[in-house]
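Residue indices begin at 1 and follow the sequence shown.
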Amino acid sequence: MPADPAATSAEPTRVALREAEARAVLWTWSLEDADRVGEVLALDRRRLASQAATADVGDDALGAWLVARARHLGAEVTGALGELPRLLRRGDPLAGWTAPVLLGALALGAATNALGPQRQISVLAAPLLLLVAWNVAVILAIAATSALPPVWGGERRPPRLLSLLQRRARRWLERRGSEAALDGGDERLADTRRRAWRLHLDRLASTVAPLETARLRRLLHLASLTTVLGVVLGMYVRGLAFEFRATWESTFLGADTIDAVLGAVLAPAAAVLGREVPAASALRAPIDGPAAPWIHLWAMTAVLFVIVPRGVLALVEHVRAAHLARRLPVELATGYIKRLRAAAVTTENDVQIVAYSHRPTDAAIRRLKSLLLDLLGPRAALRTASPVDYGGELPADWRGSLRLLLFTCAQTPEAEVHGELARAARDELVDGQGLLPVVDEGPLRSRLGAAADDRLDSRRRAWRRVLSEVGLEPAFVDLASDDEAAGVDAVLDALAARVWPPGAGGVVWTG
């Protein structure tokens with residue numbers, strides 16, 4: 001159902017919700033979008049939930065209203081989706097991994113045996129030096145990336161590891177979800193559940209990506225921290241059980257170079273411990289000396305350059321994740337919100353449809369009435385008057401809060417005929433009544449097929465020109481479209497914008 005080309009698509013509606021609330025609202029939205037006709041979740045039940053939410057929290061705070069509505073529909077949504085919510089919890093790529101990852105990292109660090117298998121250790125402490133150098137490089141890269149503008153890579157994108165985990169989880173969830181959707185044996189309802197499942201996976205992935213990114217980064221920082229902590233603890237445990245002696249040897253580095261390197265690397269640790277970096281030149285193999293001073297210096301270096309900064313970064317990501325878990329940004333289609341608001345309206349609007357100079361099909365009238373129910377609320381009374389022949393006059397009993405003139409794009413508009421009829425309809429309006437001119441593109445599209453686009457453009461311009469002379473703007477709708485969901489929100493936007501005078505006729509879609 002193509003929208004009026006003059007209409008612009010609305011920006012998404014953004015609300016901030018708690019994580020659990022966001023998941024419930026997204027579940028409800030996805031199921032309602034997939035089940036537009038109410039086969040799985042009854043339309044009356046949705047309307048009652050909207051009204052109950054309004055009674056609970058009012059209609060000013062959209063986020064609270066959506067949460068209250070999802071809560072009222074919770075049992076029905078859970079019953080409609082069956083095993084799918086439980087599958088989603090099992091498919092969370094980060095759920096339950098924190099403790100195993102940290103314990104594994106600690107054990108890995110302790111097993112590295114940084115002191116080496118011999119009782120003599122190198123003052124260069126090669127394994128720990130490499131770990132410190134790697135972590136320092138990563139921390140500097142994080143700092144540089146965060147400081148750069150987005151064009152140079154400063155934008156915070158989800159880590160590749162998270163993307164990989166999400167892709168694998170998505171494949172598993174789609175496969176298992178397709179099987180679970182068939183529970184109950186009804187293939188038609190299973191198709192609706194599958195559509196809801198795919199919609200929810202897409203929307204949930206984009207919504208929770210910032211939160212899962214913060215959680216994964218926190219886990220990676222903590223894993224790096226605990227790995228190095230395991231190395232340090234392993235050094236001290238082995239040092240307590242065995243006596244180690246310190247020495248060094250090198251084919252390429254001389255004593256002066258070793259002293260300069262160790263003096264630079266270990267100077268911060270020595271300053272914190274309040275001691276000098278021992279001279280390594282006196283420990284060249286086969287000479288050795290006490291290892292304890294070197295173990296203390298390397299342990300403090302690991303604390304200063306890895307454990308502390310990684311801990312700070314983990315704390316930053318923890319604060320970010322905690323904030324997002326409390327106020328997770330959720331983007332919902334503005335048309336969906338408008339439909340929910342319209343469904344909660346209890347006003348009984350009176351609408352009369354008059355087709356001029358053509359006979360719309362029963363299917364076209366059904367689609368038009370469906371749109372009007374979204375536009376005015378489910379309690380609107382829709383009446384269809386007998387079509388008016390070419391050159392005829394408006395029916396004497398034409399009344400209602402909204403009067404809808406239905407033209408066809410298959411005709412070329414004439415100012416003396418179509419324009420004058422529209423003028424008469426406008427002049428008959430009283431306070432509170434609205435007039436909506438609609439031009440059905442379906443007959444012309446059906447007659448011309450793929451060649452209709454060029455003709456439609458010229459006809460649209462002609463209809464706008466004729467009706468603009470009497471102060472009206474038509475809404476163009478293809479009521480012959482088989483895809484009732486395609487572009488429906490844009491169509492409703494166009495219809496609401498074309499009501500004259502603006503805001504009249506009981507239209508709630510723009511509220």
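Atoms OG and CH2, on Ser50 and Trp65 in that order, are 4.0 Å from each other to the nearest 0.5 Å. The distance from atom OH of Tyr336 to atom CG of Leu66, rounded to the nearest 0.5 Å, is 7.0 Å. Atom CG in Leu394 sits 10.5 Å away from atom CG in Asp427 (nearest 0.5 Å). Separation of atoms CD (Gln51) and CZ (Arg47) is listed at 5.0 Å; rounding is to 0.5 Å. Rounding to the nearest 0.5 Å gives a distance of 9.5 Å between CG of Leu376 and CG of Leu495. With rounding to the nearest 0.5 angstrom, the CG atom of Leu467 is 10.5 Å from the CZ atom of Arg465.
The minimum heavy-atom distance between Ala196 and Leu31, with the atom names listed, is CB-CA, 3.9 Å. Closest heavy-atom contact between Ala415 and Glu469: CB-OE1, 3.8 Å. Shown here for Leu405 and Ala422, the closest heavy-atom pair between the two residues is CD1-CA, 4.0 Å. Of all heavy-atom pairs between Glu76 and Leu41, the closest is CB-CD1, 3.4 Å. In terms of heavy-atom proximity, Leu435 sits nearest to Pro437 at O-CD, 3.8 Å. Taking every heavy atom of both residues into account, Gly391 and Val417 meet most closely at N-CG1, 4.2 Å.
Looking at His221 and Ile142, their side chains come closer than 4.5 Å, going by heavy atoms from C-beta outward. In this structure the side chain of Leu199 never reaches within 4.5 angstrom of the side chain of Trp29, judged on heavy atoms. Arg455 has its side chain within reach of Leu444: a pair of non-hydrogen atoms, C-beta onward, lies under 4.5 Å apart. The closest side-chain heavy-atom distance from Leu479 to Leu371 is below 4.5 Å. Residues Arg23 and Leu204 have side chains in contact (heavy-atom distance under 4.5 Å, counting atoms from C-beta outward). Asp33 places a side-chain heavy atom less than 4.5 Å from the side chain of Arg203. Side-chain atoms of Leu404 and Val354, non-hydrogen and from C-beta on, never get closer than 4.5 Å to each other. No side-chain heavy atom of Pro443 sits less than 4.5 Å from a side-chain heavy atom of Thr361.
Under 4.0 Å is where a charged nitrogen must lie from a carboxylate oxygen, and between Arg69 and Glu32 at least one such pair does. A salt bridge links Arg403 to Glu428: at least one charged side-chain nitrogen sits closer than 4.0 Å to a carboxylate oxygen. Ion pairing between Glu39 and Arg195 fails under the 4.0 Å rule for side-chain N and carboxylate O. Between Arg359 and Asp389 there is a salt bridge, since at least one side-chain N of the basic residue sits less than 4.0 Å from a carboxylate O of the acidic one. Between Arg215 and Glu317 there is no salt bridge, since no side-chain nitrogen of the basic residue lies less than 4.0 Å from a carboxylate oxygen of the acidic one. A salt bridge is absent between Asp362 and Arg367: the closest approach of a Lys/Arg side-chain nitrogen to an acidic carboxylate oxygen does not fall below 4.0 angstrom.
When atom types are taken as modelled, the side chain of Arg327 and the backbone of Leu17 share no donor-acceptor pair closer than 3.5 angstrom. No side-chain donor-acceptor contact under 3.5 Å links Arg218 to the backbone of Leu315. At distances below 3.5 Å, not a single donor-acceptor pair connects side-chain atoms of Arg498 with backbone N or O atoms of Val438. Looking only at distances, a side-chain donor or acceptor of Asp35 sits under 3.5 Å from a matching main-chain atom of Val40. Checked by atom type and distance alone, the side chain of Arg459 pairs as donor or acceptor with a backbone atom of Cys409 at under 3.5 Å. At least one donor-acceptor pair closer than 3.5 Å links the side chain of Thr226 to the backbone N or O of Ala223. Ser370 places no side-chain N or O within donor-acceptor distance of the main-chain N or O of Arg366, the cut-off being under 3.5 Å.
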Steps toward salt bridge (Lys or Arg N to Asp or Glu O under 4.0 Å) verdict (Glu441, Arg460): CA-CA 9 Å; Glu441 299 179 347; Arg460 287 173 185 146; 2.7 Å; yes
Are Ser357 and Gln411 close enough, and set up right, to give a side-chain hydrogen bond (donor to acceptor under 3.5 Å, both in side chains), and what steps lead you there? CA-CA 9 Å; Ser357 189; Gln411 291 181 352; 2.7 Å; yes
Evaluate the side chain to side chain contact (heavy atoms under 4.5 Å, CB included) criterion for residues Leu73 and Arg45: first the C-alpha distance (whole Å), next the side-chain angles of each, then the deciding distance (0.1 Å), finally the verdict. CA-CA 8 Å; Leu73 286 173; Arg45 187 66 191 89; 3.8 Å; yes
Residue pair Lys369, Val351: steps toward the side chain to side chain contact (heavy atoms under 4.5 Å, CB included) verdict: CA-CA 10 Å; Lys369 287 183 175 181; Val351 184; over 6 Å; no
Go through Leu102 and Leu219 one step at a time and tell me if the side chain to side chain contact (heavy atoms under 4.5 Å, CB included) criterion holds. CA-CA 8 Å; Leu102 296 186; Leu219 179 58; 4.2 Å; yes
Ile353 vs Leu372, side chain to side chain contact (heavy atoms under 4.5 Å, CB included): CA-CA, chis, key distance, verdict: CA-CA 10 Å; Ile353 303 167; Leu372 291 173; 3.7 Å; yes
Could you give me the CA-CA distance, side-chain angles and deciding distance for Asp440 and His358, then say whether side-chain hydrogen bond (donor to acceptor under 3.5 Å, both in side chains) is met? CA-CA 10 Å; Asp440 182 8; His358 75 293; 5.1 Å; no
Residues Arg383, Asp350; criterion salt bridge (Lys or Arg N to Asp or Glu O under 4.0 Å); working and verdict: CA-CA 8 Å; Arg383 295 179 293 111; Asp350 186 16; 3.2 Å; yes
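A perpendicular orientation is assigned to the rings of Trp463 and His418, their planes being inclined by more than 60° (bins at 30° and 60°). Using the six-membered ring where Trp is involved, Tyr356 and Phe407 have ring planes that are perpendicular, over 60° apart on the 30 and 60° scheme.
Considering Asn135, Ile139, Val138 in turn, Ile139 is the only one that fulfils the side-chain contact (heavy atoms from CB on, under 4.5 Å) rule with Pro309.
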